[in-house]
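This report refers to the structure that appears directly beneath it.
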2 protein chains.
Amino acid sequence: MSSKVTIHEVARLSGVSIKTVSRVLNREPNVKTDTRTRVQEAVAALNYRPNISARSLAGSKAYLIGVFFDNPSPAYVTDVQLGAIARCREEGYHLIVEPLDSQGDVAAQVEPMLHTLRMDGVILTPPVCDNTAVLDVLEAEGVPYVRLSPDQDLGRSAHVRMDDVRAAYEMTGHLIALGHTDIGFIKGHPDHGASHLRYEGYLQAMKEHGHAVREDHVEQGYFSFRSGFEAAERLLAGDDRPTAIFASNDDMALGVMAVANRLRLEVPQTLSVAGFDDTPGAKVVWPQLTTVRQPIQAMAAAAADLLLGGSKRGEGEAPPSRLLDFQLVVRESTGPVR
Amino acid sequence: MSSKVTIHEVARLSGVSIKTVSRVLNREPNVKTDTRTRVQEAVAALNYRPNISARSLAGSKAYLIGVFFDNPSPAYVTDVQLGAIARCREEGYHLIVEPLDSQGDVAAQVEPMLHTLRMDGVILTPPVCDNTAVLDVLEAEGVPYVRLSPDQDLGRSAHVRMDDVRAAYEMTGHLIALGHTDIGFIKGHPDHGASHLRYEGYLQAMKEHGHAVREDHVEQGYFSFRSGFEAAERLLAGDDRPTAIFASNDDMALGVMAVANRLRLEVPQTLSVAGFDDTPGAKVVWPQLTTVRQPIQAMAAAAADLLLGGSKRGEGEAPPSRLLDFQLVVRESTGPVR
DNA sequence: ATAAGCCATGACAGCCTTGTCAAGGCGAGC
DNA sequence: GCTCGCCTTGACAAGGCTGTCATGGCTTAT
């Protein structure tokens, strides 16, 4: 197969200079239409692909976007990759993935890779996206970055988020619509901003519908299965239990299901359970979990888009951001109260 | 911060030529020890990092390893990435991830990226690793590759595998040791080579211990939760049911648990359940699933190692391969028969 | 002592593309 | 008809590093 066709040969075949081929390749203006066509034909005929190393050495772009993560959830990570790649491919960019070890000095891990591979931009996922040391390094090196679902300091950089408050609000509304009035809630890890937002959405819906929030029916969790399990044990002890439990994420909701199972409480007949995130586990229980789906791929694609200049921004303007829609996924774990 | 230190400045500071710095950087022989030291000090002092584009343009290496996948399991994918990166970083290599769309013409997707980014090697995961069209393109482009857990044509290329037969053999042995004699089995997707291997290991263990394999206690599954669920419904209907079920993967095992749950069969008191793969879901059920853990990260690291020349091979020798050890993860879903 | 050979180092070209700048052609305005 | 300025194109250098080959010093063998 065509092993290494250079821009030279394309130029010769199409009878123009190298530079003009370069212009066509980079979609630059000021090339006559028929010249452009001729070059494109030559490119196709020779099956020419520009050499990315030469490009980035000569020019300013590296055609590489980095994805930094340090995320325990594989499903999240792959979704981010998939979403980002989808957008990157359109522009001929590639994705470099760099898992970070949050135990160590994260910033120290970031700096060398920024230096070696001069990436055109970086996508940061939680929790790295809230690591100020990393942000500092990125800024010092002048590498543009976009944060996915950041918790803090939203104004500091471009970012993409989902409306956690409204999602929790609507999930609570869904339970209320099913007739539940005593709805238990399991909060997420207090260090995650999303925890507060989700709790707020829950409170808001309860209040708006005039249902009291019983303090002893709100438990602190930590986003883990075990913490959900333990919270549920407290919530479901005795007969004075809620008819529905809304956990701040799926893993905890699965913990609730496990307890219900143990106590022989039928889901959803006796107890409705709702989660948040739509992790793969949500479909791997019986009954399947009602939950909220974050459009992770779309969010990552939006982040890539921001990086690739989908919206150029002038000096001094606020960093761009996008707010994406969530999706309520109603499955079998929630049902009418009886 | 040090924005762009070039090899030039390192050379000047250490009082040697550019070329010598290059030699030190590439760990080439024939550099006097104290020269080497001096250069290394200068590198450290200036915080110099070689520019990867320039390196790959000038030399033959691109310092990039690709990971191609088209795998439905996020956990698998991330583990592969983590394992591969761990090894790559030691040598200053980076990872490019390229999800493939198996619906389309996979080979056509592969060719352009091989052309643009001349990667030094590619790691192929199932099922891409058995796509002959992709292998053909890779070979035509002269890009070295290593396959992870390939099914077919093992002699064709370097690969890394786990001993599925022995793993299934030992899992079955574990159940037998617990006193089970009537052990049901759910086969995996017939298109996956691993399915046959696992079944074989099961058969082998049953035979060796003199236990009959009841044909009506072996069901065909397809690696999905649903197929495991349905297989279990058949297996567990009536009183003449096995005391243990060994499913060829975790998702199907979870399906079995769901049915047991439904039928109010206590696990493991009345029914022992074993899976295979140790997916995250295995820990998110109650009781937690006994399963087999593939050392995926280690396998990926071994693949990277093969690529990075951990074992150079001479002309005409067979492609290198590695066989890694699995691990039996005994949790609560299996117990003594009663 | 002389030749042969190895070791350590450097000079220089080249890798393939893009950025800069200059030049020629051509239509518009006066 | 002439100047101005825009559109289109090309020549050339530059980008940071490695490969090749040459150089000189020093060791080993004769």
Inset, instruction - Report yes if a side-chain nitrogen or oxygen of B:S60 is closer than 4.0 Å to either non-bridging phosphate oxygen (OP1 or OP2) of D:dT18; otherwise report no. - result: no

Legend entry - Close side-chain approach of A:Y76 and A:L148, heavy atoms under 4.5 Å: yes

Legend entry - Pairwise 5' ranking along DNA chain C for B:L57 and B:K32, keeping only the more 5' one: B:K32

Legend entry - Side-chain N,O (A:N30) to OP1/OP2 (D:dT8) below 4.0 Å: yes

Inset, instruction - Check whether any side-chain N or O of A:Y48 sits under 4.0 Å from OP1 or OP2 of C:dT17, and answer yes or no. - result: yes

Legend entry - Working for side chain to side chain contact (heavy atoms under 4.5 Å, CB included), residues A:I123 and A:F68: CA-CA 6 Å; A:I123 297 175; A:F68 290 1; over 6 Å; no

Legend entry - Short side-chain donor-acceptor distance under 3.5 Å, B:E98 and B:Q109: no

Legend entry - Close side-chain approach of A:L135 to A:L124, heavy-atom, < 4.5 Å: yes

Inset, instruction - By nearest nucleotide on DNA chain D, pick out whichever of B:A58 and A:V31 is the more 5' one. - result: A:V31

Inset, instruction - Quick one: label B:T35 by what it contacts on the DNA or RNA (base, sugar-phosphate, nothing), any heavy atom closer than 4.0 Å. - result: sugar-phosphate

Inset, instruction - For B:P29, answer base if it contacts any base atom (sugar-phosphate contacts may also be present), sugar-phosphate if it contacts only those atoms, and nothing otherwise; contact means non-hydrogen atoms under 4.0 Å. - result: nothing

Inset, instruction - Can you sort out which residues in residues 20-28 of chain A have a heavy atom within less than 4.0 Å of DNA chain C? Ascending by number, please. - result: A:S22, A:N26

Legend entry - Donor on one side chain, acceptor on other, A:Y145 and A:E139, under 3.5 Å: yes

Legend entry - Modelled atom types, side-chain donor and acceptor of A:E111 and B:N47, under 3.5 Å: yes

